[in-house]
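One structure is given here, and the rest of the page talks about it.
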Amino acid sequence: SHLAGMLVPIADWRGLLAPSVKGEEAALSDCETIRRMGLPGLVMAWLSKRQLASPIDAEKERVLRQARVCVGPFSLSRPNDARVWLNAGAIYALFAADAAVSNPAGLVAALEHAKSTEALPAERLAVLLHVSLCAEEEPQRLLGLIEALAARNGSGCHECENPSTVGVVGAALIALVPPASAVDAEARNKAEAVLIAGLASYARQDRLLLMVSGLHGQRGASSVAELHKAGIHLAAPATLGFDQQPNSCAAAPALADAFAPVPYAEGAMLYDVGSCLVAVARTDRPDKLFATLVDELSGPALGLVYSSEVSIIAAVRKGRGIYWSRSRQSLWQKGASSGAWQHLVRIDVDCDSDALRFVVEQHGEPPAFCHRNTLTCWGAPAGLRELQATLESRKLSAPAGSYTKRLFDDSNLLQQKLVEEAQELAEATDVDHVAAEAADLFYFAMVRVVAAGGTLALVEDHLNRRALKIQRRPGHAKQARTDAANKILLDAKAAKEKKSHTAEPVQATEAPKSRTMLPIVAMVAFVIAMQVF
């Protein structure tokens with residue numbers, strides 16, 4: 001949420017991630033480490049010029065798919081590099097503000113030029129601003145820049161279409177530059193407090209997502225909690241956790257080809273991701289536990305559990321569904337004994353910071369969260385999730401005469417039904433008829449998905465990824481696909497007529513009127529029907 005200040009871990013990925021970032025999970029891949037660092041929210045991947053200008057490799061593509069990533073720093077003179085990463089799924093592209101355009105008018109002009117050149121969406125852009133608090137006028141100069149960049153009104157978000165709710169960019173990272181000479185700690189803390197107070201009005205009104213790095217002192221998770229009250233995020237080097245604290249980051253890799261240096265110095269404190277999440281959560285329970293809703297990735301709520309400080313830290317560290325058992329007064333790692341384990345996808349804090357949501361992929365045979373061996377504590381899910389479960393069951397073991405089993409065994413029949421049902425949906429007119437034909441098509445489409453080993457969550461993942469694309473195909477009808485669909489329908493009709501001629505005579509009935517073959521894209525009809533963008 002724009003309103004909830006959190007830790008934004010900065011992962012210096014110009015080389016291999018430092019061992020200190022992985023903490024006790026030293027065997028993790030860099031990809032999985034960054035994914036887990038981003039479980040509670042945004043994570044920042046700091047890359048080199050060469051990496052940002054090169055084709056995105058498979059490992060980084062996985063990170064963009066599995067985490068909410070801000071990538072950068074990009075140069076304002078090369079906006080096309082940012083376009084590629086945004087199109088691949090990065091939530092934000094971070095641009096480094098050149099010193100020559102540090103005045104509000106010049107910076108806005110440079111950003112607007114970059115946006116117009118590559119059709120970059122403002123809400124997906126962030127800008128890096130380096131600020132030194134040694135000069136007395138610096139805070140006011142920075143606030144002038146923020147005013148020029150921020151939305152005129154609040155509630156800027158990805159879904160808003162009103163231009164007044166999105167500014168020149170969607171986010172800003174304010175990197176506080178350490179003073180060149182010794183400065184009184186009290187004076188520096190006072191200057192930082194004045195700056196944070198000035199920024200808070202922009203963050204609280206949701207006019208701009210604000211991140212700050214380089215705060216004075218080693219305050220740990222408490223500094224995240226302080227900024228959280230102001231709606232400001234702390235961007236800092238982070239770790240998945242050590243058994244002993246504090247820890248500090250090592251020197252940055254010997255690669256000086258980034259458009260801007262990482263906004264922290266050697267020896268800066270490593271912030272524990274799980275501890276920082278605990279610091280922003282609130283509870284009024286005497287036992288200090290946090291109410292936690294567990295949701296399956298494909299939609300249904302699985303159950304209500306409770307989390308503790310220890311369980312939250314363990315869940316982030318392990319990337320699994322780990323909670324607190326009130327009856328045993330100990331950690332509860334879901335599936336440790338039953339085998340029904342959970343892959344943790346993300347953790348959300350609600351708008352009041354007094355409830356958590358764990359989004360998971362439920363595993364097991366069957367995938368069951370409840371002790372009664374059902375997926376949810378409220379019984380079986382309904383809708384498409386229930387349809388998927390039924391189809392998966394039929395694929396393994398179907399009763400005699402099962403039509404679904406027949407579809408699994410006869411790919412030609414399934415292909416014909418997909419095309420037929422897509423045509424019937426295209427021809428439907430009134431609302432209920434359209435809904436009924438869509439239900440038919442969804443059934444056959446899900447049979448196709450399950451037959452291929454896919455899931456509803458995978459379909460939704462593709463839809464979510466397409467929603468983040470800024471470059472889309474025109475979506476014109478494809479004549480070759482139209483012709484192929486028509487041929488499938490004609491072949492199916494001919495096969496039915498041949499079968500009827502060889503069957504025993506029956507009383508003649510009026511022949512159905514022939515349908516006009518409508519243009520459809522047969523094999524991707526489900527995705528086209530689901531798209532809303």
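- Residues satisfying the side-chain contact (heavy atoms from CB on, under 4.5 Å) test with Asp409, not counting sequence neighbours, are Lys405.
- Not a single salt bridge (charged side-chain N to carboxylate O under 4.0 Å, His left out) links Asp430 to another residue, sequence neighbours left out.
- The ring-ring contact (aromatic ring centres under 6.0 Å, His included) pairs that include a residue from residues 366-408 number zero, where partners must be two or more places apart or lie in different chains.
- Residues meeting the side-chain contact (heavy atoms from CB on, under 4.5 Å) test with Glu361, sequence neighbours left out: Leu297, His343, Val345, His363.
- Interatomic distance, CG of Leu86 versus CZ of Arg124, reported as 5.0 Å (0.5 Å rounding).
- Atom CD of residue Glu420 and atom CG of residue Asp440 lie 11.0 Å apart, to the nearest 0.5 angstrom.
- Checked against salt bridge (charged side-chain N to carboxylate O under 4.0 Å, His left out), Arg326 has no partners two or more places apart in sequence or in another chain.
- Gln51 pairs by the side-chain contact (heavy atoms from CB on, under 4.5 Å) definition with Arg14, Leu47, Ser48, Lys60, not counting sequence neighbours.
- Residues satisfying the salt bridge (charged side-chain N to carboxylate O under 4.0 Å, His left out) criterion with Glu32, sequence neighbours excluded, are Arg35, Arg36.
- For the atom pair CG (Leu356) and CG (Asp350), the distance works out to 8.0 Å, reported to the nearest 0.5 Å.
- Residues satisfying the side-chain contact (heavy atoms from CB on, under 4.5 Å) criterion with Ser325, sequence neighbours excluded, are Ser327, Arg328, Trp332.
- A side-chain donor-acceptor contact under 3.5 Å links Trp85 to the backbone of Leu52.
- A salt bridge links Asp461 with Arg65: the distance from a Lys NZ or Arg NE/NH1/NH2 to an Asp or Glu carboxylate oxygen falls below 4.0 Å.
- Listed for the Glu437 side chain is no donor-acceptor partner under 3.5 Å among the backbone atoms of Ala426.
- Looking at residues two or more places apart in sequence or on another chain, you find no salt bridge (charged side-chain N to carboxylate O under 4.0 Å, His left out) involving Asp284.
- Applying the salt bridge (Lys or Arg N to Asp or Glu O under 4.0 Å) rule to pairs touching residues 297-309 yields nothing, sequence neighbours excluded.
- To the nearest 0.5 Å, atom SG of residue Cys31 and atom CH2 of residue Trp13 are 5.5 Å apart.
- Atom CG in Leu94 sits 6.0 Å away from atom CG in Leu173 (nearest 0.5 Å).
- Panel note: side chain Asp57, backbone Glu59; a donor-acceptor pair is recorded below 3.5 Å.
- Closest non-hydrogen pair, Leu227 versus Leu234, comes out as CD1-CB, 3.7 Å.
- Listed by first and then second residue, the salt bridge (Lys or Arg N to Asp or Glu O under 4.0 Å) pairs involving residues 371-400 are Glu296-Arg385 (not counting sequence neighbours).
- When atom types are taken as modelled, the side chain of Ser353 and the backbone of Arg282 share no donor-acceptor pair closer than 3.5 angstrom.
- For Thr390, there are no side-chain hydrogen bond (donor to acceptor under 3.5 Å, both in side chains) partners at least two apart in sequence or on another chain.
- In this structure, OG in Ser330 is found 15.0 Å from OH in Tyr323, a value given to the nearest 0.5 Å.
- Under the 3.5 Å distance criterion, the side-chain polar atoms of Asp30 are matched with a main-chain donor or acceptor of Leu17.
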